[in-house]
Amino acid sequence: MRDTILALARRYDFEEGHSLQDERLALRLFDETARLGLHDRAANSPEFPQVPPNPTESPRDLLSCAALLHDIGYVKGYEAHHKTAFRLIMAAEIPRLSPRAQALVAHIARYHRSSLPDSAKHAAFAALSSENQMLVCQLGAILRFADGLDRGHTNAVEDLRCELDGDRLIVTLLPGVGDEVERWAGAKKARWFESVFGMKVSLM
């Protein structure tokens, strides 16, 4: 599946290094927050929504797909590239990805920047089930946070670790040097994550 997604992204001449870095950091955030049990306490959700047992449609794999595809909208220019990415993903033929999973990937990619999901304004999001809306919010918030951590597109953040301190998530960026831009953008783009997961993020 990942090879299929990469092939699709390359058709749109995507910035491969940045997208691979975003994927890596997003999956690290996913794994670390799962280890800490945050998926079970996400805002307004008693438990992390479950996708049918299909190895290509687990939440983690949906996040991976969205991270690789989130910037393919640059093919039409920077302006509203997140919306362009949504349209391109929805229109693509992606073997082995169900229509439901494809729609989720498109929405997760669409919300990596700019506005938040709004059922009153975004008809496609409103059409999703409440469970799928929450999944989009959780995974979209993780991707948006990860995207901020590669703001300079320089791979300055080589790894990260997460620990809980009450209602504060301490995210240690490694190696911790030369990442001033990433820390600024990461803190800014973590705001949705904070809202969804109900905690304050501190970058160390």
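Since we're looking at a predicted model, the values are computed, not measured. Every heavy atom of this structure was used, including side-chain atoms; hydrogens, water molecules and symmetry mates were not.
Rounding to the nearest 0.5 Å places OG1 of T33 at 9.5 Å from CE of M199. Atom CG of L68 and atom CZ of R10 lie 9.0 Å apart (nearest 0.5 Å). Atom CH2 of residue W192 and atom CZ of residue R113 lie 13.5 Å apart, to the nearest 0.5 angstrom. Distance check, rounded to the nearest 0.5 Å: CD of E23 to CG of D150 gives 12.5 Å. Atom CD of Q21 is separated from atom CD of E158 by 9.0 Å, given to the nearest 0.5 angstrom. Considering CD1 of I142 and CG of D31, their distance stands at 9.5 Å, rounded to 0.5 Å.
Judged purely by distance below 3.5 Å, without hydrogens or angles, the side chains of D71 and H112 pair a donor atom with an acceptor atom. For the residue pair Y111 / H70, no side-chain donor-acceptor distance below 3.5 Å is found, with atom types taken as modelled.
Contact of the L62 side chain with the L135 side chain is registered, since non-hydrogen atoms from C-beta on lie closer than 4.5 Å. Two residues are said to be in side-chain contact when any heavy atoms from C-beta on lie closer than 4.5 Å; L139 and R60 fail this criterion. Two residues are said to be in side-chain contact when any heavy atoms from C-beta on lie closer than 4.5 Å; C137 and F193 fail this criterion. Inter-residue side-chain proximity for H153 and E15 is flagged as met; some heavy-atom pair is nearer than 4.5 Å. Residues L6 and L20 meet the side-chain proximity criterion, which asks for heavy atoms closer than 4.5 Å. Within the 4.5 Å cutoff, side-chain heavy atoms of S64 are placed close to those of L27. Using a 4.5 Å heavy-atom threshold, the side chains of I72 and I89 count as touching. Put simply, the side chain of K83 reaches to within 4.5 Å of the side chain of R110, judged on heavy atoms.
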Exercise for review: Please lay out, stage by stage, how V157 and L25 fare under the test side chain to side chain contact (heavy atoms under 4.5 Å, CB included).
Suggested key: CA-CA 8 Å; V157 179; L25 294 177; 4.0 Å; yes

Check your understanding: Which is it for C65 and Q102 under the side chain to side chain contact (heavy atoms under 4.5 Å, CB included) test, yes or no, and what are the steps along the way?
Key -> CA-CA 9 Å; C65 292; Q102 187 163 340; over 6 Å; no

Point to revise | Test side chain to side chain contact (heavy atoms under 4.5 Å, CB included) applied to S129 and N132, step by step | key: CA-CA 5 Å; S129 69; N132 287 341; 3.3 Å; yes

Check your understanding: Checking side chain to side chain contact (heavy atoms under 4.5 Å, CB included) for the pair V136/F125: CA distance, chi angles, key distance, verdict?
Key -> CA-CA 9 Å; V136 166; F125 180 76; 4.1 Å; yes

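In this structure, the side chain of S19 does not engage the main chain of E16 through any donor-acceptor pair within 3.5 Å. Panel note: side chain R28, backbone L160; a donor-acceptor pair is recorded below 3.5 Å. With hydrogens and angles ignored, the 3.5 Å screen pairs a side-chain donor or acceptor of E57 with a backbone N or O of S98.
The heavy-atom pair separating N155 from G17 by the smallest distance is OD1-O, 4.2 Å. Here the closest heavy-atom approach between residue G186 and residue L203 is recorded as C-CD1, 4.1 Å. Considering all non-hydrogen atoms of both residues, A156 and E182 come closest at CB-OE1, 3.7 Å. Nearest heavy-atom pair, S115 versus H122, reported as atom, atom and distance to 0.1 Å: OG-CE1, 3.8 Å. The nearest pair of heavy atoms linking A146 to D22 is O-OD1, 3.6 Å. Heavy-atom minimum distance, A109 versus H82: O-CB, 4.5 Å.
Taking the six-membered ring where the residue is Trp, H39 and F197 present tilted rings, their angle falling between 30° and 60°.
Taking hydrophobic clusters as Ile, Leu, Val, Met, Phe, Trp and Tyr residues chained together by side-chain heavy-atom distances below 4.5 Å, L149 does not share a cluster with V181. Transitive grouping of hydrophobic side chains (ILVMFWY, heavy atoms separated by less than 4.5 Å) keeps F145 and M204 in distinct clusters. The hydrophobic clustering, which links ILVMFWY residues whose side-chain heavy atoms are closer than 4.5 Å, places I94 and F86 apart. In the hydrophobic clustering of this structure, L63 does not group with M90; members are Ile, Leu, Val, Met, Phe, Trp, Tyr whose side-chain heavy atoms approach within less than 4.5 Å, directly or through other members. At a threshold of 4.5 Å between side-chain heavy atoms, the hydrophobic network of Ile, Leu, Val, Met, Phe, Trp and Tyr places W184 and L29 in two separate groups.
Taking 4.0 Å as the cut-off between side-chain N and carboxylate O, R35 and E163 count as a salt-bridged pair. Using a cut-off of 4.0 Å between Lys/Arg side-chain N and Asp/Glu carboxylate O, K189 and D147 are scored as salt-bridged. By the 4.0 Å N-to-carboxylate-O rule, E32 lies too far from R161 to be salt-bridged with it. Residues D167 and K200 are not paired through a salt bridge, judged by the lack of any N-O separation under 4.0 Å between the basic side chain and the carboxylate. Salt-bridge check for D61 with R2: failed, with every basic side-chain N at 4.0 Å or more from each acidic carboxylate O.
The residue from L164, V201, D165 that alone fulfils the side-chain contact (heavy atoms from CB on, under 4.5 Å) condition with I170 is D165.
With a 6.0 Å radius and a threshold of 12 heavy atoms from other residues, nucleotides or ligands, R24 has its CZ atom above the threshold.
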